[in-house]
Structures are given as C-alpha cells and as structure tokens.
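Taking it in order: structure first as structure tokens, then the write-up.
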Amino acid sequence: NLLGLLPHSFTPTTQLSMNLGMAIPLWAGAVITGFRYKTKASLAHFLPQGTPVPLIPMLVIIETISLFIQPMALAIRLTANITAGHLLMHLIGGAALALISISPTTALITFIILILLTILEFAVAMIQAYVFT
C-alpha cells in the first residue's frame, strides 16, 4: 500500500485479483483453524442465541453465505479505498499544476490540500494493511 504513494510507482493492491489472491488463503486459514481448534464456538456463529425454531434453517443459510462473502468484501473494500485515494491525489495534483499559471494563491492552497491528503493516504495505507491482516 505504501509503495503506491511513491511517484511513478504501481500499487499492486489497486488490483482486485491481487487482493482476492491474498484474502482467500488468509480467510480460509482463519476459518479452518477456527473450526479445527474451536469447533463449538465456530459453529455457534451460524446460529444466534435465542433464535426461534422456524427461523433456524434460514439463518444458518444466511450466515453460511455471509461467511463465504467475507474475503470478497474485504478485497473489494481494500481495492476501492486504495484506488479512490490514489485517484484523488492524482486529480488534486493535476489541478495544482494547472492552477500555478492561473492563480498562484489558489495553487498553493490546492498544494496544501494535496499534502494533507498525502498524509491521510499514509494513514489509510497502514490502517488498510492492519484491517486486512
């Protein structure tokens, strides 16, 4: 994630296939380890306590689908956050360059916004890596 903040570099985590390639094995390892060592607790997540008997089959199906969607949601969220930040930085940087000849004061304000956004992107890159793991 931090690699993409360097000028003229490519961020591998802006590709959904890269994020899915990392998310699925990590998710599968966590699920398999959970079922292996804490079987009862893992199965308890499929059925909330106090569920009415007629709803049990439907809730188990919904929770199973939810379990399998988790790595896809994680990968899409990471891809969208990193891509949106990089795109915004690119657009604001281009605007700052275009404004230098038109209005230096506005260009300076835009450049300050770009610096603040870059600091935010550093934080987002680190937080996304933490959330991913």
Side-chain angles (χ1 to χ4, degrees):
N1 293 348
L2 292 173
L3 178 66
L5 296 175
L6 297 172
H8 307 292
S9 65
F10 175 72
T11 308
T13 53
T14 59
Q15 302 298 314
L16 184 60
S17 59
M18 172 74 171
N19 291 327
L20 276 173
M22 291 187 303
I24 291 173
L26 289 171
W27 167 83
V31 169
I32 291 168
T33 303
F35 275 107
R36 184 173 180 188
Y37 294 109
K38 302 269 186 178
T39 307
K40 190 174 179 180
S42 295
L43 288 174
H45 286 287
F46 288 101
L47 191 62
Q49 196 172 25
T51 303
V53 176
L55 291 178
I56 288 176
M58 185 61 76
L59 276 176
V60 170
I61 291 170
I62 290 170
E63 291 298 326
T64 303
I65 291 169
S66 170
L67 179 70
F68 285 104
I69 288 177
Q70 283 177 355
M72 193 179 330
L74 175 67
I76 290 170
R77 188 172 60 237
L78 178 65
T79 302
N81 285 340
I82 298 298
T83 302
H86 286 57
L87 181 61
L88 193 57
M89 287 175 61
H90 182 74
L91 291 172
I92 291 175
L97 283 175
L99 286 171
I100 286 176
S101 61
I102 300 169
S103 173
T105 307
T106 309
L108 180 64
I109 293 170
T110 308
F111 185 70
I112 291 170
I113 291 171
L114 180 61
I115 290 172
L116 293 173
L117 182 63
T118 303
I119 293 168
L120 177 67
E121 279 301 305
F122 269 102
V124 166
M126 288 186 270
I127 290 169
Q128 287 297 327
Y130 174 76
V131 167
F132 193 87
T133 55

* Can you tell me if S42 uses its side chain to pair, donor with acceptor, with the backbone of G34 under 3.5 Å? -> yes

* Q70 vs L67 side-chain heavy atoms within contact, under 4.5 Å -> yes

* Could you check I102, T110, I109 and say which one makes a side chain to side chain contact (heavy atoms under 4.5 Å, CB included) with T106? => T110

* Determine whether more than 12 heavy atoms belonging to other residues, nucleotides or ligands lie under 6.0 Å from atom CZ of F111. => no

* Asked: Under a single-linkage definition using a 4.5 Å side-chain heavy-atom cutoff for Ile, Leu, Val, Met, Phe, Trp and Tyr, are I69 and I24 assigned to the same hydrophobic cluster?
  -> no

* To do: For residues A107 and A96, report the shortest heavy-atom separation together with the two atoms involved.
  => CB-O, 3.7 Å

* Under 3.5 Å: donor-acceptor pair, side chain of S66, backbone of I62 -> no

* Value rounded to 0.5 Å, distance of CZ in F122 from CD1 in I127 -> 13.5 Å

* Do L74 and F68 share a hydrophobic cluster (ILVMFWY, side-chain heavy atoms under 4.5 Å, transitive)? -> no

* Distance, nearest 0.5 Å, that separates CG of L59 from CG of L55 -> 5.5 Å

* **Single-linkage hydrophobic cluster, 4.5 Å side-chain cutoff, I82 and L16 together** => no

* Spell out, yes or no, whether I100 and I112 are grouped together once hydrophobic residues are joined by side-chain heavy atoms under 4.5 Å, including indirect joins. => no

* Asked: Of the non-hydrogen atoms in G93 and L114, which two are nearest, and what is the gap between them?
  -> CA-CD2, 3.8 Å

* Structure fact -> Rounding to 0.5 Å, atoms OG1 (T118) and CD1 (I92) come to a distance of 8.5 Å

* Atom CD1 in I65, atom CD1 in I61: separation rounded to 0.5 Å? -> 7.0 Å

* **H90 side chain vs H86 backbone, donor-acceptor pair below 3.5 Å** => no

* Which heavy atom in P71 sits nearest to a heavy atom in A23, and how many Å separate them? -> O-CB, 3.7 Å

* Asked: Are the side chain of T51 and the backbone N or O of L47 linked by a donor-acceptor pair below 3.5 Å?
  -> no

* Structure fact -> Separation between CE (M18) and CG (L78), nearest 0.5 Å, reads 9.5 Å

* **Atom CE of M22 with >12 non-hydrogen neighbours under 6.0 angstrom** => yes

* Should L88 and L120 be counted in the same cluster of Ile, Leu, Val, Met, Phe, Trp and Tyr side chains packed under 4.5 Å apart? -> yes

* Does some side-chain heavy atom of E121 sit less than 4.5 Å from a side-chain heavy atom of M89? -> yes

* From CG (N19) to CG (N81), nearest 0.5 Å -> 10.5 Å

